[in-house]
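Keep in mind that what you see is a predicted model, and the values were worked out from it rather than measured. Whatever order the structure lists them in is the order used to number ligands and atoms, beginning at 1. Worth knowing before you read on, the calculation uses all heavy atoms, side chains too, and leaves out hydrogens, waters and symmetry mates.
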Amino acid sequence: MNIQQVNKELTGAQSIVITTHKSPDGDAIGSSLGLYHFLKNRGLNVSVVVPDDFPEFLKWMTSCEQILNFEQEQNKVKKLIEKADFIFSLDYNALNRIGELGELIQKTSAIKMVIDHHQNPQEFAHHYFVDTNCCSTAQLVYEFIDELKSTSEITKEIGECLYCGIMTDTGSFRFPSTTARTHQIIAEFINLGVDGSKIHERVYDTYSEHRLRLLGFALTEKMKVFPEINAAYISLSQEELKKFHFKKGDTEGLVNYPLSINGIKFSTLITEKENEVSMSFRSKDDFYVNEFANKHFNGGGHIYAAGGRSNLSLDETISKFVGLLNKYKSQLK
Ligand code: 5GP
Ligand code: MN
């Protein structure tokens, strides 16, 4: 990436669109809104577009109500993408990760820029600001602003959004991707008046009663542990989710729980969706889930956090997964 070139293109852009991945998480929304505020404060015309809705526990960030949801406002978003002259792809690196929205972006002649921390970026953009070792896209947005020599333009609002992205993607500053640099950036946000404790509360202490009971049910009734191979999985059917009045985001973080059992280093959440079965993988130490997800479940991601999907039924997917666990025995031990 040539930062002078990017700066020139951004300054001259009439319409900038920031996009992020499907089922947006804290990093997707936090990095997008952080960048949105930065560009908006510079007087630029900028919008944020998401492929589908995001959880309630993220709907406190300033200007989150300005975000356009492609599922709900197809025509408006179509027009916006068509007339955009600069499009950002945040927290994803392949257009097939954002469905139909990706096809629209593919077609435009807008300048495209990826800011992301996932492995294997696909070639579709003009500029790449990518670091696969970085804990979060939100931290990369900070680094991008730093490259522009503009960290003095970071406001409390920007800090809050980026704090949320870094916090959610590092499991509250505890995953191995958390560095001294991460803490230094967070310290800067705190100096701007960002209240880290409040942000934790807004994201993690706003469960509905149903969500907490779903967590209890999943851990008590639906978690299978294989201590001899250091693995565990949780499966949830549509019927079970409905019983607990499932809302988007209610299973967020659930996949991490089995990793807190002493010795467990591979955890999977298998969820029956309306049209497919979705898979979430998390790991520790020397077992890399992005490879596993890519090889067996049409997915990918980071070495310790990845996702995938299956078009088999829930039961067939579970059988396939358990069969694979046996195959990976020696690598998991
Ligand atoms: P999650 O389990 O939270 O849905 O996903 C974990 C991580 O893997 C996220 O960073 C997500 O973006 C990434 N991921 C999920 N599904 C896919 C996929 O199909 N392909 C790729 N490349 N990454 C994925
Ligand atoms: Mn991320």
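Here's the thing with Arg282: one of its N/O atoms is less than 3.5 angstrom from an N/O atom of ligand 1.
With ring centers used as reference points, Phe88 lies under 6.0 Å from Phe86. In this structure, Phe173 has its ring center under 6.0 Å from that of Tyr163.
Considering just the N/O/S atoms of Asp169, the one nearest the Mn ion (ligand 2) carries the name OD2. For the Mn ion (ligand 2), the nearest N, O or S atom contributed by Asp91 is named OD1.
In summary, His117 places an N/O/S atom under 2.8 Å from the Mn ion (ligand 2), meeting the contact criterion. For the Mn ion (ligand 2), the N/O/S atoms of Asp25 include none lying under 2.8 Å. Here Asp27 meets the criterion, with an N, O or S atom under 2.8 Å of the Mn ion (ligand 2).
Under the 4.0 Å criterion applied to side-chain N and carboxylate O atoms, Lys198 and Glu201 are assigned as salt-bridge partners. Of the charged side-chain nitrogens involved, none lies within less than 4.0 Å of a carboxylate oxygen, so that Lys333 and Glu228 do not count as a salt-bridged pair. Using a cut-off of 4.0 Å between Lys/Arg side-chain N and Asp/Glu carboxylate O, Lys247 and Glu56 are scored as not salt-bridged.
The shortest separation from a heavy atom of Met279 to ligand 1 is not under 4.0 Å, leaving the residue out of contact.
If you number the atoms of ligand 1 from 1 as listed, the ones under 4.0 Å from a heavy atom of Gly299 come out as 18 (C), 19 (O), 20 (N). Counting atoms of ligand 1 from 1 in the listed order, those under 4.0 Å from a heavy atom of Ser280 are 1 (P), 2 (O), 4 (O).
For the residue pair Thr19 and Tyr92, a side-chain donor N or O sits within less than 3.5 Å of a side-chain acceptor on the partner.
For atom 11 (C) of ligand 1, the choice among His117, His302, Arg97 with the nearest heavy atom turns out to be Arg97.
Remark: Lys320 qualifies as a cation-pi partner of Phe297 under the 6.0 Å distance and 45° angle criteria applied to the six-membered ring.
Residue contacts with ligand 1 for Arg309 involve side-chain atoms from C-beta outward but no N, CA, C or O (heavy atoms, distance under 4.0 Å).
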